[in-house]
Amino acid sequence: MPSINTQTDFEVQLSPDKHTTKKAPWWHQLQYLAAGMFFGILLVKSEVLSWYRIQEMFRLQSFHMYGVIGSAVLTGIISVAIIKKAGIKTFYGEPITFQPKTFNKGQIFGGLLFGFGWAITGACPGPLFAQLGAGFSVVIVTLFSAILGTWTYGRLRERLPH
Amino acid sequence: MNILTSPWPWYVAGPLIGLTVPLLLLLGNRHFGISANLRHICAACIPGKVPFFSYDWKKESWNLFFAAGILVGGAIAATLLAAASPSGIHPQLENELASYGLSYSGSLVPEDLFNWPALLTLRGLLVMAGGGFLVGFGARYAGGCTSGHAIMGLSNLQWPSLVATCCFMAGGFIMANLILPFILHL
């Protein structure tokens, strides 16, 4: 039985933070705001945040989303391989590190549930923020529901199979 | 300006989306993953003594800035770079949606389905609130979403992320083809 201390979510590093930005002034974070803007514009212009494109993907009616995700992953794989191979550091001279993810059943059960939600709302978390920005105010209900879903998972986590 | 305003083809948009991975790594050794923000928001606003939300969310605040940026980027793209004409959808999809009483208006989401009054209908509530709940619950249960697993995890060749990505797709196929038609018929 996995205990509560077993890490299943590798997106939050519970180990001591090694980042320099911890000591950096808050406005240092604005670089991430800019990166988010870049990504948000891409989500709109690629139509990844279109409910219809997601429906077409799951009905095999369009290649578009497969092309977007496939070429994004390929670009990511090449970039990470170059960073690892060449030992590239951050713009501030800090080492770039990677943590392995370990398998747990949550990736199957949670993955299926996430897929259900993705096909219904036509949006994963990134597009939810972008849709809200693009002026679909009612999406805030979807976003709050997603926060509630996250909280409910956190609350039930110890009782769920992992 | 036409290049900027018309929707970008996958072979332009996809690689640019992929470049978000090295961009965040180079900016501060940050790992691309958007759904983690939902956990940070819980940790910041409603931790409620739940161990899963008892951590220093401020250390992860970069990600909240990133999410705020997505919102601003969405606003910029939808106003300044808006397409002059809708890009259209597959005729089969248009026919299917018509059978649920949903029309394609050229918008990014069906406006007949996603609007405030629709929240008072069972269909609207299931789609917006129910769907959102599954996105949040499932993403955290899986330990990431399309960005954290399908893009970041696969970029780092993590096989558990491949398992998660396959399950995202399987769940989507099941929902879109077998269950969603019943919900949209409500």
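A, B, ... follow the sequence lines: proteins, then strands. Residue 1 opens every chain.
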Might you point out which heavy atoms bring [X] and [Y] nearest each other, and give the distance in Å?
{"X": "Thr121(A)", "Y": "Gly132(B)", "value": "CG2-N, 3.5 Å"}
{"X": "Ala119(A)", "Y": "Gly172(B)", "value": "CB-O, 3.6 Å"}
{"X": "Gly154(A)", "Y": "Val50(B)", "value": "O-CG1, 3.3 Å"}
{"X": "Val73(A)", "Y": "Ala150(B)", "value": "CG2-O, 3.2 Å"}
{"X": "Ile41(A)", "Y": "Trp8(B)", "value": "CG2-CH2, 4.4 Å"}
{"X": "Ile120(A)", "Y": "Phe114(B)", "value": "O-CZ, 4.4 Å"}

Task: Residue among Ala78(B), Pro9(B), Gly144(B), Gly143(B) with most heavy-atom pairs under 4.5 Å to chain A - done: Gly143(B)
Task: Most contacts with chain A, counted as non-hydrogen pairs under 4.5 angstrom, among Gly33(B), Gly131(B), Ala170(B), Ala118(B) - done: Gly131(B)
Which atoms of [X] are under 4.5 Å from chain A, going by heavy atoms: the side chain, the backbone, both sets, or neither?
{"X": "Leu64(B)", "value": "neither"}
{"X": "Leu180(B)", "value": "side chain"}
{"X": "Trp57(B)", "value": "neither"}
{"X": "Phe53(B)", "value": "side chain"}
{"X": "Ser87(B)", "value": "both"}
{"X": "Pro110(B)", "value": "both"}
{"X": "Val135(B)", "value": "both"}
{"X": "Leu25(B)", "value": "both"}
{"X": "Met152(B)", "value": "side chain"}
{"X": "Thr165(B)", "value": "neither"}
{"X": "Ser147(B)", "value": "neither"}

In terms of heavy-atom pairs under 4.5 Å with chain B, which of [options] leads?
{"options": "Gly135(A), Ala123(A), Pro100(A)", "result": "Pro100(A)"}
{"options": "Gly122(A), Gly106(A), Ala130(A)", "result": "Gly106(A)"}
{"options": "Phe103(A), Phe116(A), Tyr66(A)", "result": "Phe116(A)"}
{"options": "Ser145(A), Gly117(A), Ala35(A), Gly70(A)", "result": "Ser145(A)"}
{"options": "Phe10(A), Phe144(A), Phe129(A), Phe38(A)", "result": "Phe129(A)"}
{"options": "Val138(A), Asn104(A), Thr75(A), Leu113(A)", "result": "Val138(A)"}

TODO: Using the rule that two of Ile, Leu, Val, Met, Phe, Trp, Tyr join whenever any of their side-chain heavy atoms come within less than 4.5 Å, decide whether Met175(B) and Phe182(B) are in one cluster.
DONE: no
- [ ] Answer yes if Leu120(B) and Val139(A) sit in the same cluster of Ile, Leu, Val, Met, Phe, Trp and Tyr residues linked by side chain heavy atoms under 4.5 Å apart, and no otherwise.
- [x] no
Side chains of [X] and [Y]: closer than 4.5 Å at any heavy-atom pair?
{"X": "Ser71(A)", "Y": "Tyr11(B)", "value": "no"}
{"X": "Ile89(B)", "Y": "Arg53(A)", "value": "yes"}
{"X": "Pro160(B)", "Y": "Thr102(A)", "value": "no"}
{"X": "Leu27(B)", "Y": "Thr90(A)", "value": "no"}
{"X": "Tyr141(B)", "Y": "Thr8(A)", "value": "no"}
{"X": "Glu11(A)", "Y": "Arg140(B)", "value": "yes"}
{"X": "Ile76(B)", "Y": "Val44(A)", "value": "no"}
{"X": "Val12(A)", "Y": "Tyr55(B)", "value": "yes"}

Task: Proximal to chain A - members of residues 13-23 of chain B, heavy-atom separation under 4.5 Å - done: Ala13(B), Gly14(B), Pro15(B), Leu16(B), Ile17(B), Gly18(B), Leu19(B), Thr20(B), Val21(B), Pro22(B), Leu23(B)
- [ ] May I have the step-by-step check of side chain to side chain contact (heavy atoms under 4.5 Å, CB included) for Leu160(A) and Phe137(B), ending in yes or no?
- [x] CA-CA 12 Å; Leu160(A) 295 167; Phe137(B) 189 97; 3.9 Å; yes
Indicate yes or no for a side-chain donor-acceptor contact from [X] to the backbone of [Y] under 3.5 Å, with no hydrogens or angles considered.
{"X": "Trp10(B)", "Y": "Phe63(A)", "result": "no"}
{"X": "Gln158(B)", "Y": "Lys101(A)", "result": "yes"}
{"X": "Asn156(B)", "Y": "Val80(A)", "result": "no"}

Between [X] and [Y], is the ring centre distance below 6.0 Å?
{"X": "Phe52(B)", "Y": "Tyr153(A)", "answer": "yes"}
{"X": "His31(B)", "Y": "Phe98(A)", "answer": "yes"}
{"X": "Tyr104(B)", "Y": "Tyr52(A)", "answer": "yes"}
{"X": "Phe39(A)", "Y": "Phe32(B)", "answer": "yes"}

Open item on the list: Is it the case that over 12 heavy atoms from other parts of the model lie below 6.0 angstrom from the NZ atom of Lys58(B)?
Closed with: no
TODO: List the steps and the verdict of side chain to side chain contact (heavy atoms under 4.5 Å, CB included) for Val141(A) and Trp116(B).
DONE: CA-CA 9 Å; Val141(A) 174; Trp116(B) 288 98; 3.6 Å; yes
TODO: Could you go through the side chain to side chain contact (heavy atoms under 4.5 Å, CB included) check for Gln29(A) and Phe66(B) one step at a time?
DONE: CA-CA 9 Å; Gln29(A) 306 278 30; Phe66(B) 186 72; over 6 Å; no
- [ ] Would you kindly say whether Ser61(B) and Trp26(A) are connected by a side-chain donor-acceptor distance under 3.5 Å?
- [x] no
Task: Given Gln92(B), His90(B), Glu96(B), the one that forms side-chain hydrogen bond (donor to acceptor under 3.5 Å, both in side chains) with Arg59(A) - done: Glu96(B)
- [ ] Begin from the C-alpha positions of Met169(B) and Trp118(A) and carry the test side chain to side chain contact (heavy atoms under 4.5 Å, CB included) through to its verdict.
- [x] CA-CA 9 Å; Met169(B) 295 306 295; Trp118(A) 188 16; 3.9 Å; yes
